[in-house]
Amino acid sequence: MWIEIPREFMMTVRTRVAPSPTGDPHVGTAYIALVNLAVARQNGGQFVLRIEDTDQVRSTAESEKAILESLRWLGLDWDEGPDVGGDHGPYRQSERSALYAAHCQKLLDTGHAFRCFCSADRLAELREAQRKAKADFGYDGRCIGLTPDEVKARLDKGEPSVVRMKVPREGRCVVQDAVRGPIEIEWRTVDMQVLLKADGLPTYHLANVVDDHLMGISHVIRGEEWISSAPKHLLLYEYFGWEPPQFVHLALLRNPDKSKLSKRKNPTSLLWYRRMGYLSEALLNYLAILTGGLTIPDGGEERISISETIEQFVLNEVSQGGPIFDLGKLDWLNARWIREGLTDEAWLARVQDWALEPERLKAIARLARSRTVKLTDLVGLTGHFFAGFLPLDADEIRKVASSDEQVLQAMHFAYEAVNAVSPWDRASLLSAFEDIARFQGLKLSKLIPPMFLVLTGRVTGPSLFDVLELMGRDIARSRLQMAVQVLGGVGKKVVKRWDKEWQTHLARE
RNA sequence: GUCCCCAUCGUCUAGAGGCCCAGGACUCCGGCUUUUCACGCCGGCAACAGGGGUUCAAAUCCCCUUGGGGACGCCA
């Protein structure tokens, strides 16, 4: 007799987190990783880390390194990944290009995809026209009817092209979300997505589906921003003749104003949380609470370790409304972990790790040495390296600036610069601040005093740029943001005007 | 604009038709404890977005409205 065995008991549970190394390690990545890790572990499966670096322009090795280190700091250890290897490697998409090209060719051969020669300009115009006509957005299918001979001729001429997937124009797609249930989306609202870019590298959509299949991923647990492209992914599985994985879309973490978590409104970088002195246990604990997958009884303990989280987490219970990331509650949890979650020895070790990290301490001591008369001077000279937010007084800041408007504008542009500077080093920082001084028609030496004050809490000290390099982007960003706020803040209109002035300044140079 | 997701205190949530004039936690406010502060303990404020159904009975099920969010890239 034949007994049907439910699919989930037949196959190994394999989950993954697939960050893109294009910036600071994001707290949202940790959130998604945590859920994936919990699901894999509680089912005796594997958790995979894959680097999605198909965007050659924006991906950096620096970012990848920071992401790996941050996730490891949190204790979100993966079974397979670019640094630990595994049977389904390589785990960096930039090293898998041939695989995607071959799969894309299959789609071309079976008529599920087509070459498209439309220029970026034409597509921009098309979008503009569609916007004006209030029509659905999307590719209009111009190249879909090209004959094989035409395609070959244009390819031979060396015309740049991309590969797009064919998408039905009618009917509807049903995305089965394992916790939300079925989501129906009409095919006509789904764009004929580019699969292979002009540089020969795949887009997220292709790479993601090919990798998830080849890596045996059973559950794709990702952010809800992917719901609208899920039909494309489902269609690709169908085109390839593959069984799709279980999909789960998690609600996005929010700013206090309910928009998607962003660094301008709430700290998002894991490096910030670490530097600010949050314990990895507390941050992970808080993220676990935010998933909604832990049901804590009335008056029950909320301080929960990662192993308890893995044990108690229930995927079906995750909340579907996006939770606001509340630093206040994180603080409370962090304090409790510090007070109650560590032995005296462990606490000492944490303090040492955080404050006495040898390389950093060496650099700080070196920086302060020439201004140190007695060792006791070190506290005043370098204390800000161990502080979070500094107490700022608007009048004190204005005292060392040339005018109220000037100093506020300087803080604003310094904030922007600190966000953009790459690489984060003395030279780039210096040149960014020189730009601001030139823009304001000020000598750098006039710009620096208020900057120094808001960034270090003092008016004098070692070179601002040495200090900044060591301080790191995250703390600098927070302090500048605070400075702007303390000085009264800037409205959107003013920002717009300033940006315009900045642009004309650039053009003049 | 179009499509999709979501909706209980300010915030995170409990609640799977009667146990709910809605419980817990963070925050805030009182009080107690205390050589200060913090911790701790005790207490308090505070929510079912609105309107229609279904039902003997709805925070819970259905529909509409409203509100919030996301997506609409040769970014992920």
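Every chain is numbered from 1 and lettered A, B, ... according to where its sequence line falls, protein lines coming before strand lines. Everything numeric here is computed off the predicted structure, so don't read it as measured data.
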For nucleotides 68-72 of chain B, give me every protein contact, N/O to N/O, under 3.5 Å, one pair per line with atom names.
residue : atom : partner  : partner atom : Å
B:G70   : OP1  : A:Lys260 : N            : 3.1
B:A71   : OP1  : A:Lys260 : NZ           : 3.0
B:A71   : O4'  : A:Ser228 : OG           : 3.4
B:A71   : O2'  : A:Ser228 : OG           : 2.6

Q) Among the nucleotides B:C74, B:C5, B:A76, which one has an atom lying closest to any side-chain atom of A:Thr54? A) B:A76
Q | Spatial distance of atom CD (A:Glu225) from atom NE2 (A:His249) [nearest 0.5 Å] | A | 9.0 Å
(Q) What's the gap between B:G53 and B:G73 when it is taken at their P atoms, as a whole Å value? (A) 43 Å
Q) Expressed in whole Å, how much space separates the C1' atoms belonging to B:G24 and B:A47? A) 14 Å
Q | Whole-angstrom distance between B:C20 and B:C9, as gauged at atom C1' | A | 15 Å
(Q) Going by purine N1 to pyrimidine N3 plus the second Watson-Crick contact, or the G-U wobble pair, all under 3.5 Å, which nucleotide sits opposite B:A57? (A) none
Q: In sequence, state the C-alpha distance, the side-chain angles, and the governing distance for A:Asp109 and A:Gln105, and then conclude on side-chain hydrogen bond (donor to acceptor under 3.5 Å, both in side chains).
A: CA-CA 6 Å; A:Asp109 293 344; A:Gln105 188 56 48; 2.9 Å; yes
Q.
Applying a 4.0 Å non-hydrogen cut-off, can you work out what A:Val162 is touching in the nucleic acid: base, sugar-phosphate, or nothing?
A. base
Q: Select base, sugar-phosphate, or nothing to describe what A:Cys173 touches, counting heavy atoms under 4.0 Å on all strands.
A: nothing
Q: Can you run down the side-chain hydrogen bond (donor to acceptor under 3.5 Å, both in side chains) pairs that involve residues 49-59 of chain A, sequence neighbours left out, and say none if there aren't any?
A: A:Arg50-A:Glu52, A:Arg50-A:Asp212, A:Glu52-A:Gln93, A:Asp53-A:Ser94, A:Asp55-A:Arg58
Q: Between B:C39 and B:U27, how far apart are the P atoms? Round to whole Å, please.
A: 8 Å
Below 3.5 Å is the cut-off: list the nitrogen or oxygen pairs between protein and nucleotides 27-34 of chain B, distance only.
none

Q: With P as the reference atom in both, quote the distance from B:U2 to B:U54 in angstrom, rounded to an integer.
A: 32 Å
**Q.** Worked check of salt bridge (charged side-chain N to carboxylate O under 4.0 Å, His left out) between A:Glu69 and A:Arg274
**A.** CA-CA 11 Å; A:Glu69 278 177 7; A:Arg274 188 176 185 176; 5.4 Å; no
Q.
Checking base pairs now: Watson-Crick or wobble, both atom distances under 3.5 Å. What partners B:C3?
A. B:G70
Q: Take the protein atom CG of A:Asp326 and the nucleotide atom C1' of B:U13, then report the distance between them rounded to whole Å.
A: 12 Å
Q) Please give, in whole Å, the distance from B:A76 C1' to A:His249 NE2? A) 14 Å
Q. With distance as the sole test, does A:Asp326 use its side chain to make a donor-acceptor pair with the main-chain N or O of A:Gly328 at under 3.5 Å?
A. yes
Q. Expressed in angstrom and rounded to an integer, what is the separation of A:Arg188 atom CZ from B:G1 atom P?
A. 16 Å
Q | Atom pair distance, as rounded to whole Å: CD in A:Glu64 and C1' in B:A76 | A | 15 Å
Q. Considering only heavy atoms from C-beta outward, does the side chain of A:Leu236 approach that of A:Gln193 to under 4.5 Å?
A. no
Q. Which comes earlier along RNA chain B counting from the 5' end, the contact point of A:Ile289 or that of A:Ile183, where each point is its nearest nucleotide?
A. A:Ile183
Q: Identify, between A:Leu330 and A:Leu290, the residue whose nearest nucleotide on RNA chain B lies closer to the 5' end.
A: A:Leu290
Q. Does A:Asn419 reach the side chain of A:Arg477, with side-chain heavy atoms less than 4.5 Å apart?
A. yes
Q. For the pair made of CD in A:Glu184 and P in B:C3, what is the distance, rounded to whole Å?
A. 14 Å
(Q) Would you measure the distance from the C1' atom in B:C29 across to the matching atom in B:G10 and give it in whole Å? (A) 14 Å
Q: Return the nucleotide paired to B:C19: Watson-Crick means purine N1 to pyrimidine N3 with N6-O4 or O6-N4, wobble means G-U with N1-O2 and O6-N3, both under 3.5 Å.
A: none
Q) Do A:Glu150 and A:Thr147 meet the criterion of a side-chain donor-acceptor pair at a distance under 3.5 Å? A) yes
Q | Whole-Å gap separating C1' (B:C9) and CG (A:Asp298) | A | 14 Å
Q | Between A:Tyr204 and A:His233, ring centroids under 6.0 Å | A | yes
Q.
I need the CD1-C1' distance between A:Ile324 and B:U13, as an integer number of Å.
A. 13 Å
(Q) For the CG atom on A:Asp393, are there more than 12 heavy atoms of other groups (residues, nucleotides or ligands in this structure) within a distance under 6.0 Å? (A) yes
Q. Base, sugar-phosphate alone, or nothing: which one does A:Arg131 contact when heavy atoms must sit under 4.0 Å apart?
A. nothing
Q. Atom OH of A:Tyr286 and atom C1' of B:C12: how far apart are they, to the nearest Å?
A. 6 Å
Q: For B:C32, give its Watson-Crick or G-U wobble partner with both distances under 3.5 Å, or none.
A: B:G40
Q. Say you pick atom C1' in B:A22 and the same atom in B:A59; how far apart are they, in whole Å?
A. 8 Å
Q: Ignoring backbone atoms, test whether A:Arg336 places a side-chain nitrogen or oxygen under 4.0 Å from the OP1 or OP2 oxygen of B:C26.
A: no
(Q) Please tell me if A:Gln320 has a side-chain N or O lying less than 4.0 Å from either OP1 or OP2 of B:C5. (A) no
Q: Examine the base of B:C75 for any acceptor or donor lying under 3.5 Å from a partner atom in the side chain of A:Arg58, and report the outcome as yes or no.
A: yes
Q | Pairwise P distance, B:C21 and B:C28 [rounded to whole Å] | A | 30 Å
Q: Determine which nucleotide pairs with B:C48, using a 3.5 Å limit on both distances of a Watson-Crick or G-U wobble pair.
A: none
Q) Just wondering, do A:Arg115 and A:Val163 contact through their side chains at under 4.5 Å, heavy atoms? A) yes
**Q.** Pairing partner (Watson-Crick or G-U wobble, both distances under 3.5 angstrom) of B:C9
**A.** none
Q: With heavy atoms under 4.0 Å as the rule, sort A:Ser319 into base, sugar-phosphate or nothing.
A: sugar-phosphate
Q | A:Leu253 side chain near A:Pro323 side chain, heavy-atom distance below 4.5 Å | A | yes
